[in-house]
Q: 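First the structure, which I've put down as structure tokens, then a few questions once you've had a look.
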Number of protein chains: 2
Amino acid sequence: MISKNMACIKSFLIENDIKPSIQRARIYQFLVDNPIHPTADEIYNQLNPELITLSKTTVYNTMHLFVEKGIVQPIHVEGNEVRYDADFSQHGHFKCDCCGKVFDINIDLNTSSITQLKGFKIKSIQMLMSGTCEKCSCQ
Amino acid sequence: MISKNMACIKSFLIENDIKPSIQRARIYQFLVDNPIHPTADEIYNQLNPELITLSKTTVYNTMHLFVEKGIVQPIHVEGNEVRYDADFSQHGHFKCDCCGKVFDINIDLNTSSITQLKGFKIKSIQMLMSGTCEKCSCQ
DNA sequence: AATAGACTTTGTACTCATTATATTATAACA
DNA sequence: TGTTATAATATAATGAGTACAAAGTCTATT
Ligand SMILES: [Mn+2]
Ligand SMILES: [Mn+2]
Ligand SMILES: [Zn+2]
Ligand SMILES: [Zn+2]
């Protein structure tokens with residue numbers, strides 16, 4: 001899933017009912033190539049030098065569209081910002097309070113046995129841990 | 001744990017190294033009596049009629065203090081707001097996209113077997129699901 | 001009781017992520 | 001080519017949260 005070329009991303013967007021544009025394709029490629037759970041602001045700052053007329057509104061519009069079409073997940077690790085993840089494999093996240101990085105954690109979330117959820121329709125499951133990562137812990 | 005009286009809350013705050021005040025005690029009591037994961041704004045609006053001079057800054061100050069002293073957990077279900085929970089029993093949350101309610105879900109989060117977390121120091125674990133609740137699903 | 005010092009509460013102004021709106025650009029198509 | 005739909009952009013507005021300083025409250029000491 002790492003570093004699809006643009007032609008490949010174009011057909012992926014079309015498959016998912018999204019009309020491709022340079023902006024949309026590059027933003028999606030950036031998310032796949034950089035699984036660092038960036039904010040809209042970080043995406044904008046990274047791509048702005050290359051897409052010289054890029055607008056922050058376009059980034060927000062695009063992220064809303066991607067979430068609606070189900071090719072990107074919003075991640076809420078802090079109350080004042082939304083982060084995005086193009087990885088839909090079953091995994092959780094660990095936010096280091098020290099260096100601020102968000103790590104992917106492979107985890108098996110099985111909710112089928114929870115009786116409280118009878119009748120509930122689950123659309124997404126997220127697990128978030130916080131603390132200090134290995135590097136920050138041994139200092 | 002439901003509806004402690006004020007005297008009881010006073011000693012609870014003191015136990016947790018928090019100097020008690022009417023505002024702090026009533027805010028904590030409200031959180032225990034109303035486990036609906038309110039935002040700072042909701043806490044303010046609910047208590048304002050009673051604590052007639054209450055300031056929103058006081059609510060924010062108090063929530064920060066409670067989180068720092070470990071008697072309240074911040075919950076991030078949406079990117080633009082923080083919700084608060086005085087319940088420290090092991091449980092996750094389910095946010096209904098339809099009615100907006102946040103439900104408590106009893107769940108057993110065992111992370112001891114995850115090899116990726118070797119060397120990581122876990123401070124908090126949260127699990128969040130979203131979708132539609134039982135009531136909203138059968139309509 | 002008055003004084004002083006420490007802590008708490010409050011109002012105002014500000015920041016900054018996100019959203020709303022209107023305009024311009026681009027693509028699709030007859 | 002002209003017409004229409006969709007996308008991108010710039011600008012202004014919103015709203016949760018924060019910074020700061022002034023005013024209020026509590027408690028100990030005289
Ligand atoms: Mn991830
Ligand atoms: Mn809860
Ligand atoms: Zn770290
Ligand atoms: Zn519902």
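Just so it is clear, the values below take in all heavy atoms, side chains as well, and ignore hydrogens, waters and symmetry mates. By convention in this document, chain letters (A, B, ...) are assigned in the order of the sequence lines, proteins followed by strands, and residues within each chain are numbered from 1.
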Q: Hey, what bend do you get for the helix from C/dA1-D/dT30 to C/dA30-D/dT1 if you fit axes on five pairs at each end, rounded to 10°?
A: 10°

Q: D/dT25 phosphate, OP1 or OP2: any side-chain N/O from B/Ser21 under 4.0 angstrom?
A: no

Q: Enumerate the residues from residues 36-54 of chain A whose closest heavy atom to DNA chain C is under 4.0 Å, giving them by residue number; use none for an empty result.
A: none

Q: Do any pairs count as a salt bridge (charged side-chain N to carboxylate O under 4.0 Å, His left out) and have a residue in residues 108-123 of chain B, sequence neighbours left out, and if so which ones?
A: A/Asp97-B/Lys123

Q: Determine which pairs satisfy side chain to side chain donor-acceptor pair (under 3.5 Å) with at least one residue from residues 9-22 of chain A, sequence neighbours left out, and list them in order.
A: A/Asp17-A/Lys69

Q: Return the residues of residues 56-66 of chain B meeting this criterion: a heavy atom under 4.0 Å from some atom of DNA chain C. Order them by number, or give none.
A: B/Thr57, B/Thr58, B/Asn61

Q: Is the backbone N or O of A/Pro74 less than 3.5 Å from a side-chain atom of A/Gln126, with the two atoms forming a donor-acceptor pair by type?
A: yes

Q: Please name all residues satisfying side-chain hydrogen bond (donor to acceptor under 3.5 Å, both in side chains) with A/Ser124, sequence neighbours left out, ordered by chain then number.
A: B/Ser130

Q: Nearest heavy atom decides the nucleotide; on that basis, is B/Ile18 or B/Gly79 closer to the 5' end of DNA chain C?
A: B/Ile18

Q: Enumerate donor-acceptor pairs with a distance under 3.5 Å from any side-chain N or O in residues 46-57 of chain A to protein atoms, sequence neighbours excluded.
A:
unit_1	atom_1	unit_2	atom_2	d
A/Glu50	OE1	A/Arg26	NE	3.4
A/Glu50	OE1	A/Arg26	NH2	2.7
A/Glu50	OE2	A/Arg26	NE	2.6
A/Ser55	OG	A/Thr57	N	3.0
A/Lys56	NZ	A/Asp41	OD1	2.6

Q: Does a side-chain N or O from A/Gln23 land closer than 4.0 Å to OP1 or OP2 of D/dT9, or not?
A: yes

Q: Between which nucleotides of DNA chain C, 5' to 3', does chain A make heavy-atom contacts below 4.0 Å?
A: C/dA17 to C/dA20

Q: Check side-chain hydrogen bond (donor to acceptor under 3.5 Å, both in side chains) between B/His76 and all other residues, then give those that pass, not counting sequence neighbours.
A: none

Q: Does any N or O in the side chain of A/Gln116 come within less than 3.5 Å of the main-chain N or O of B/Asn106, such that one atom is a donor and the other an acceptor?
A: yes

Q: B/Ile14 has an atom CD1; how far is it from atom P of D/dC26, in whole Å?
A: 14 Å

Q: Hydrogens and angles aside, do B/His91 and B/Asp104 bring a side-chain donor and acceptor to less than 3.5 Å of each other?
A: yes

Q: Could you tell me whether a side-chain N or O of B/Asn34 sits under 3.5 Å from a main-chain N or O of B/Ile36, the two making a donor and an acceptor?
A: no

Q: Can you list the residues that meet the side-chain hydrogen bond (donor to acceptor under 3.5 Å, both in side chains) rule with A/Glu81, with sequence neighbours excluded?
A: A/Arg83

Q: Is there any ring-ring contact (aromatic ring centres under 6.0 Å, His included) pair reaching into residues 94-138 of chain B, and which pairs are they, with sequence neighbours excluded?
A: A/Phe94-B/Phe120, A/Phe103-B/Phe120, A/Phe120-B/Phe94, A/Phe120-B/Phe103

Q: Which residue pairs pass the ring-ring contact (aromatic ring centres under 6.0 Å, His included) test with at least one member in residues 38-66 of chain B, sequence neighbours excluded?
A: B/Tyr28-B/Phe66

Q: Of the non-hydrogen atoms in B/Ile125 and A/Met129, which two are nearest, and what is the gap between them?
A: CG1-CG, 3.8 Å

